[in-house]
Amino acid sequence: MRKALTTGCLVVLMIPAVLLAYFWYSVWQAGHENDRRRQEAHDSLLRQARTAADRTVGALDESAAGGNGGADVLTGVIWEHTGTPVISYDEERRVFTAVGLRSAEYTEEMQLFGGGPDMVQRCFVSSYVRRPGAGWTSKVTERDIEACRGSRWIESSVRFVRSAMEGWEADGRLTRAGLQRVLDPVGRAGDESRFVVRSVVRRGESVVAVVLFRGVDPGGEGAVVEQCYRLQRVLGSGGGVVEPVTAVPVVVC
């Protein structure tokens with residue numbers, strides 16, 4: 001009787017230990033699976049960045065072969081195939097550098113503190129150079145996420161200006177002075193303003209504005225990131241339809 005009672009007590013005591021062990025194993029297994037999924041998402045982003053760079057190199061070779069080799073034209077080619085909001089050009093080294101953030105969603109396994117959809121974000125810097133007598137080549141490197149802060153600010157600012165211009169009538173705001181007042185109502189000095197309207201030109205039913213956007217890059221110890229964009233608005237669309245404002249980065253500003 002005593003032996004049976006002792007055995008029963010041991011069984012009762014072992015049940016919580018087994019349950020606890022199973023619980024922690026499940027948590028460990030879920031964490032391990034989440035790490036795998038996160039790494040897969042990261043690897044996918046890296047593949048996307050490299051594929052975009054390869055595709056861009058091909059387009060740059062075609063553009064150069066067709067005689068379209070101006071800096072702004074080539075910047076437009078890079079933007080079209082990568083979508084990166086900041087593209088700079090080093091004329092002395094003949095190197096284009098594109099900085100942009102990529103993101104991908106994945107689903108986390110349920111754990112103690114929850115699960116469900118999550119996102120991976122990575123900052124990539126792609127450089128494009130054409131050596132004399134040779135074609136274009138590219139190099140993709142990953143940077144700390146902070147290096148894309150300025151790029152993200154410029155991207156959101158361009159989106160804001162596009163949306164604002166689509167809602168305007170063909171009035172005084174669609175002039176250089178009018179657009180500058182709207183974007184910088186405080187009237188900051190040129191080297192302090194986040195928006196500097198370089199020019200606004202109307203050609204027929206189109207208004208083309210060249211705007212310099214500025215953002216701070218914390219990853220560069222507070223360095224200022226600058227990018228000019230050419231924004232085009234088509235006026236007088238029939239039937240009340242508003243054409244989307246196009247925005248393409250340029251280096252000649």
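Treat the numbers as computed from the prediction; the structure is a model and nothing was measured. Side chains included, hydrogens not; waters and symmetry mates left out as well; all remaining heavy atoms used.
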Any side-chain heavy-atom pair of Thr246 and Val234 under 4.5 Å:
no

Closest approach of Ser126 to Val140 (non-hydrogen atoms, all atoms of both residues):
OG-CG2, 3.7 Å

Going through the checks in order, is the side-chain hydrogen bond (donor to acceptor under 3.5 Å, both in side chains) test met by Glu40 and Ser44?
CA-CA 6 Å; Glu40 282 187 350; Ser44 175; over 6 Å; no

Would you check if the side chain of Arg176 reaches a backbone N or O of Val197 as a donor-acceptor pair within less than 3.5 Å?
yes

I need the minimum non-hydrogen distance between Ala147 and Cys123, along with the two atoms involved.
C-SG, 3.9 Å

Does the side chain of Val86 come within less than 4.5 Å of Pro249's, by heavy atoms?
no

Count I, L, V, M, F, W, Y as connected when their side-chain heavy atoms are under 4.5 Å apart, and connections chain through other members. Are Phe160 and Val225 then in the same cluster?
yes

Hphob cluster co-occupancy, Val201 + Tyr229, side-chain heavy atoms under 4.5 angstrom
no

Restricting to non-hydrogen atoms, name the atom on Gly100 and the atom on Ser151 that form the minimum distance, rounded to 0.1 Å.
CA-OG, 4.0 Å

When rounded to the nearest 0.5 angstrom, what distance separates CG in Leu60 from OH in Tyr128?
7.5 Å

Would you compute the distance between atom CD of Glu226 and atom OG of Ser88 and round it to the nearest 0.5 angstrom?
11.0 Å

With heavy-atom distances below 4.5 Å as the criterion, would you say the side chains of Val77 and Phe96 are in contact?
no

Taking CZ in Arg102 as the centre, count heavy atoms belonging to other residues, nucleotides or ligands within less than 6.0 Å. Is the count above 12?
yes

Do Ile78 and Val129 share a hydrophobic cluster, counting only Ile, Leu, Val, Met, Phe, Trp and Tyr and linking them when any side-chain heavy atoms are less than 4.5 Å apart?
no

Test side chain to side chain contact (heavy atoms under 4.5 Å, CB included) applied to Val73 and Ser63, step by step
CA-CA 8 Å; Val73 172; Ser63 181; 4.0 Å; yes

CZ (Arg94) with more than 12 external heavy atoms under 6.0 Å:
no

Between Arg202 and Gly204, is there a donor-acceptor pair closer than 3.5 Å when you use the side chain of the first and the backbone of the second?
yes

Only one of Val207, Leu231, Val200, Asp184 passes side-chain contact (heavy atoms from CB on, under 4.5 Å) with Leu179, and that residue is Val200

I need the minimum non-hydrogen distance between Val250 and Arg230, along with the two atoms involved.
CG1-NH1, 3.4 Å

Decide whether Tyr89 and Trp136 are clustered together by the hydrophobic rule: side chain heavy atoms of Ile, Leu, Val, Met, Phe, Trp, Tyr closer than 4.5 Å, transitively.
yes

The reported gap from SG in Cys228 to CG in Asp72 (rounded to nearest 0.5 angstrom) is 9.0 Å

Euclidean distance, Cys148 SG relative to Glu155 CD, rounded to 0.5 Å:
9.5 Å

Taken to the nearest 0.5 Å, the spacing of Leu74 CG from Thr56 OG1 works out to 11.5 Å

Please name all residues satisfying salt bridge (charged side-chain N to carboxylate O under 4.0 Å, His left out) with Arg122, sequence neighbours left out, ordered by chain then number.
Glu142

Please evaluate residues Arg214 and Val196 with respect to the criterion side chain to side chain contact (heavy atoms under 4.5 Å, CB included), reporting the C-alpha separation (whole Å), side-chain torsions for both, the decisive distance (0.1 Å), and the verdict.
CA-CA 8 Å; Arg214 288 196 179 105; Val196 180; 3.6 Å; yes

Could you give the distance from NE2 (His81) to OG1 (Thr51), rounded to the nearest 0.5 Å?
13.0 Å

Determine the minimum heavy-atom distance between Gly178 and Thr175, stating which atoms define it.
N-OG1, 3.0 Å

Closest non-hydrogen atom pair, Ser103 against Gln121:
CB-CG, 3.7 Å

Is there a path of hydrophobic side-chain contacts, each under 4.5 Å between heavy atoms of I, L, V, M, F, W or Y residues, that connects Val208 with Val248?
no

Contact check, side chains of Phe124 and Leu45, non-hydrogen atoms, under 4.5 Å:
yes

Is the backbone of Val245 close enough, under 3.5 Å, to the side chain of Glu166 for a donor and an acceptor to pair up by distance?
yes

Please confirm whether the backbone N or O of Ala98 pairs with a side-chain atom of Thr84, one donor and one acceptor, at under 3.5 Å?
no

